[in-house]
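One structure is given below, encoded as structure tokens.
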Amino acid sequence: MEGLNPSQERAVKHFGKPLLIIAGAGSGKTKTLAHKVEFLIREKGIAPERLLAITFTNKAGKEIRDRVKRVAGVDLPWAGTFHSVALRLLRAKGKQVGISTNFSILSEGDRNQIIKKLSQSINTKPETLKNYLSERFENLREPYDEKLEYALQEYLKALKSMNLLDFSTLMLYTRELLLKNQSIRENFDFVLVDEFQDTNTVQYEILKLLARENVCVVGDPNQCIYEWRYARPDNILRFKEDFNPDVIKLEYNYRSRPYIIHIANAVLSASNAEWKSLIPTLRPVKEGGQKPTVRRFEREEEEAVWIATKVKELLQSYKPHQIAILVRVGYITEPFERALAGMRILYKIVGAIRFFERAEIKDVLSFFRVLTNPYDAVSFSRALEVATRGIGEKTLEHILQAGRGNCLAGSQAILKSLPQAKAVELYGFLQKLSRLYKRLEDYPQAIEDFLREIDFWDYLRESYKDAEEREENVKELLRYLRQKHSEGYRLVDVLEEVDFLTEREEEEGAVKISTIHASKGLEFDVVFLPRLEEGILPHEKAKESQEEMEEELRLFYVAITRAKELLFMTYTRNSKPSRFLSLIPKELLDLSAFAKKKTTYMPELKSLKDFKVGDRVLHEIFGEGVILAIEDSKALVEFKAGRKSIHTAFLKPVV
DNA sequence: AAAACAGCCGTTTTT
DNA sequence: CGGCTGTTTT
Ligand SMILES: Nc1ncnc2c1ncn2[C@@H]1O[C@H](COP(=O)(O)OP(=O)(O)OP(=O)(O)O)[C@@H](O)[C@H]1O
């Protein structure tokens, strides 16, 4: 088995019992999983169509499919996210749980609209209802509030009447289906789950209903960064109890240079997570490398220009797509865009406002959606707004009533009872829609003509200030449709892809600007981490709870461990430097920029925990000890091995 | 009843 | 800056 170390090889060849692979970043988890898929197919005779491989993103799913195709020459139809797998199951067997199988997916934005309306009707904040839905659907909590439960039931009814499913009801009904029809599990001979730390409760229950002995899950709880979305990193602990798996740990990091790994370990040592003892500390395989740099700037423009200059310089030795600027929040990217553009450096933003969530894109797609699912009132409303004048909320209500939810039938039905002007307008629109419908075979051309018929381009110019950019986006969408069409995609396939796809294909020749979240599982030669400031990382909103602060720390860990060769960490004086920076021992950093300016490394910051003189503490290497004195953030500790002065971040309280 | 407009808010992370 | 709300105009 070439290219694998002994532990990885053991994991690949393991068979006959549940397996848990638990390991830190860059230890080859994904690689091992990919090899395991091939091993199962080639050596164990598992039929590819009976192998379920669950990934965190659809992109990762596609990578596995492509790889299996390349290496083993077979298709792997069941590789994808929980959601895409759920979609396929419900399309095939949704009837068994009362779902009509031509349902469409409710987008995030439209979902929020519905939630907002419902929350108004029960006098709560949308946020409260949204959390309630998550508690009930993702976390499988029992009903615990009468009013909210009422709204939830209304929500379910609304979706049902529109023949729509959102991301959480997709999980909900899938679980229901699997509970009802246990034989579905017989369709799969092996189940694998990557990024297991970011699965939530309902997904775990789904896994339990799909898998028995032939199951392998792979994860790193320290890389759980979706707890805010009800991911449960402790599913790993539950898996250990429920499945009694063999456990294989991987400790060698093949990705990063040693300094980077030591920094990542130092950051992690401040975590108080319950699973800490389970995960081996990362050990570098690579050698050499440069110390990661920390720099401070007055303003974000200055920081951006410095980074852009550095990028320019590094482009001599690194490929553009091997350089990434990773940010905590999307809205701080403008200075970097400006600075990079100013230096004629091509860049690509990922994880920003997603292409298919843009208003103008949804405008165009709404016409298709109405035609494939005439009960989709959300899309119909949007379509009316774009293509007609004088037909609004009230008329739509009448339409829905007349058609008992079917927008197209309802429209036909009320034509007679409408004032003439409105009737003419609506009739004209229905005519155009019907012409579009008849030409759906060639949907790219049909929609292009349709858009012209409804004067869509004028509509764009009138409705939006930044019309040019939006025109560009629509043209991009048309190009995308033409490409899909030429690849043999039917319209329904395209709409399905769009529901889950967040990004258009990425360009090879561009530097990446991405959120840290969206960079999960990726790696880059060069990583810049700007704006490492209090309020940004850790984010202001996370400071209220210990759990969220832990997640912020993990986010920093994930960010650091994306880097293979070079890592640059910077902050501006808009705020105090991130407390997480002070977790890193100075010896691991290149701080030369500070030496010149005679500034101290960083202001003293409180560590995540408070210690007093006399506290018993634990250190990873020196063991247990007692604090003799505390100075700033360092503590003088008496260990068996002697007295040491240690940053409190590396100490854990002994209880 | 629908559209246009003006002034307000507050900015996480996304399958 | 963008999205929402309440108000005014058609
Ligand atoms: N045995 C090995 N020999 C050489 N290179 C390896 C080996 N195992 C993994 N690698 C390389 O190490 C890098 C990290 O691997 P991979 O992405 O699979 O790690 P991971 O554990 O999934 O990381 P993360 O948790 O950050 O997603 C990849 O470039 C991979 O090719």
Side-chain angles (χ1 to χ4, degrees), chain A residues 54-61 80-87 105-109 111-113 116-117 120 126-127 130 134 137-138 165-171 174 194-195 198-200 202-203 206 223-231 326-334 350-359 381 384-386 388-398 418-419 421-422 425-426 459 462-466 469-470 498-503 514-521 531 535-544 548-549 551-552 554-556 558-559:
Chain A
I54 296 187
T55 54
F56 187 69
T57 61
N58 284 296
K59 196 172 152 224
T81 60
F82 270 106
H83 296 91
S84 64
V85 168
L87 181 104
I105 298 296
L106 177 68
S107 75
E108 186 67 18
R111 176 177 199 254
N112 287 336
Q113 294 296 323
K116 211 172 91 193
K117 280 216 193 84
Q120 273 163 6
E127 221 33 51
K130 221 165 145 180
S134 291
F137 294 151
E138 325 276 1
L165 293 186
D166 67 3
F167 284 108
S168 49
T169 48
L170 212 44
M171 295 291 104
T174 299
D194 197 6
E195 307 277 13
D198 281 307
T199 54
N200 62 31
V202 66
Q203 289 166 340
I206 287 173
Q223 287 189 70
C224 172
I225 52 178
Y226 287 97
E227 216 170 14
W228 56 271
R229 209 174 67 184
Y230 291 85
L326 304 182
V327 295
R328 172 65 179 84
V329 286
Y331 66 79
I332 59 172
T333 59
E334 297 107 301
V350 292
I353 308 151
R354 303 199 283 290
F355 184 77
F356 292 106
E357 283 276 320
R358 307 190 85 103
S381 156
L384 282 179
E385 204 172 302
V386 175
T388 65
R389 304 267 101 168
I391 298 173
E393 213 182 333
K394 284 282 132 97
T395 316
L396 179 59
E397 267 172 39
H398 295 313
L418 239 39
K422 287 186 191 205
E425 182 78 11
L426 185 57
Y459 164 82
E462 283 159 26
S463 324
Y464 300 108
K465 269 255 170 305
D466 52 346
E469 193 188 333
R470 302 202 184 234
V498 161
D499 288 332
F500 291 119
L501 209 66
T502 46
E503 280 301 316
S514 162
T515 61
I516 299 170
H517 282 90
S519 75
K520 190 160 86 115
R531 301 300 300 271
I536 296 183
L537 183 67
H539 195 273
E540 196 59 36
K541 298 222 161 143
K543 291 187 179 178
E544 287 147 33
E548 287 179 65
M549 283 303 281
E551 182 147 309
E552 296 294 300
R554 296 197 293 268
L555 202 48
F556 189 38
V558 168

Round to the nearest Å and state the distance from [X] atom [atom1] to [N] atom [atom2].
| X | N | atom1 | atom2 | value |
| --- | --- | --- | --- | --- |
| A/L326 | B/dT13 | CG | C1' | 13 Å |
| A/K520 | B/dT14 | NZ | C1' | 11 Å |
| A/W228 | B/dT15 | CH2 | P | 9 Å |
| A/I105 | B/dT14 | CD1 | C1' | 15 Å |
| A/Y459 | B/dA4 | OH | C1' | 13 Å |
| A/L426 | B/dA1 | CG | P | 17 Å |
| A/N112 | B/dT14 | CG | C1' | 12 Å |
| A/D166 | B/dT15 | CG | C1' | 11 Å |

Ranking B/dA2, B/dA4, C/dT5 by distance to the side chain of A/K116, first place goes to C/dT5

When we call it a touch if two heavy atoms are under 4.0 Å apart, what does [X] touch: a base, just sugar-phosphate, or nothing?
| X | result |
| --- | --- |
| A/F82 | nothing |
| A/Q113 | sugar-phosphate |
| A/T395 | sugar-phosphate |
| A/E551 | nothing |

Quick check: does any side chain N or O of [X] sit under 3.5 Å from a backbone N or O of [Y], one acting as donor and the other as acceptor?
| X | Y | value |
| --- | --- | --- |
| A/E425 | A/R389 | yes |
| A/T388 | A/L384 | yes |
| A/E552 | A/H539 | yes |

With the criterion being N/O to N/O and under 3.5 Å, what pairs connect the protein with nucleotides 9-12 of chain B, and how long is each?
residue	atom	partner	partner atom	Å
B/dT11	O5'	A/K541	NZ	3.0
B/dT12	OP2	A/K541	NZ	3.4
B/dT12	O4'	A/H539	NE2	3.4
B/dT12	O2	A/R328	NH1	2.9
B/dT12	O2	A/R328	NH2	2.2

If we take the P atom in both C/dC4 and B/dT13, what is their distance in whole Å? 16 Å

When the nearest nucleotide of DNA chain B is assigned to A/I391 and to A/Y226 on a heavy-atom basis, which residue is associated with the more 5' position? A/I391

Can you tell me if [X] touches the phosphate of [N], counting only side-chain N or O atoms and a distance under 4.0 Å to OP1 or OP2?
| X | N | value |
| --- | --- | --- |
| A/T515 | B/dT14 | yes |
| A/R389 | B/dA1 | no |
| A/Q203 | B/dT15 | no |

I want to know whether A/F137 and A/Y230 have ring centres closer than 6.0 Å. no

Thinking salt bridges, do A/D198 and A/K520 make one under a 4.0 Å N-O criterion? yes

I'd like to know if A/K541 pairs up with A/E548 as an ion pair, taking the criterion as any Lys NZ or Arg NE/NH1/NH2 lying under 4.0 Å from an Asp or Glu carboxylate oxygen. no

Who passes ring pair (Phe, Tyr, Trp, His ring centres under 6.0 Å) against A/H83, sequence neighbours left out? A/F167

Read 5' to 3' with Watson-Crick or G-U pairs under 3.5 Å, [ ] for crossing pairs and | for partners on another strand, DNA chain B gives ||||||||||.....

Contact summary for A/C224 and A/E551, nearest pair of heavy atoms: O-OE1, 3.8 Å

For a quick test of reading the model, state the closest non-hydrogen atom pair linking A/E357 to A/G109 and the distance between them. OE1-N, 3.5 Å

Drop me the distance from A/I391's CD1 to A/S381's OG, to the nearest 0.5 angstrom. 11.5 Å

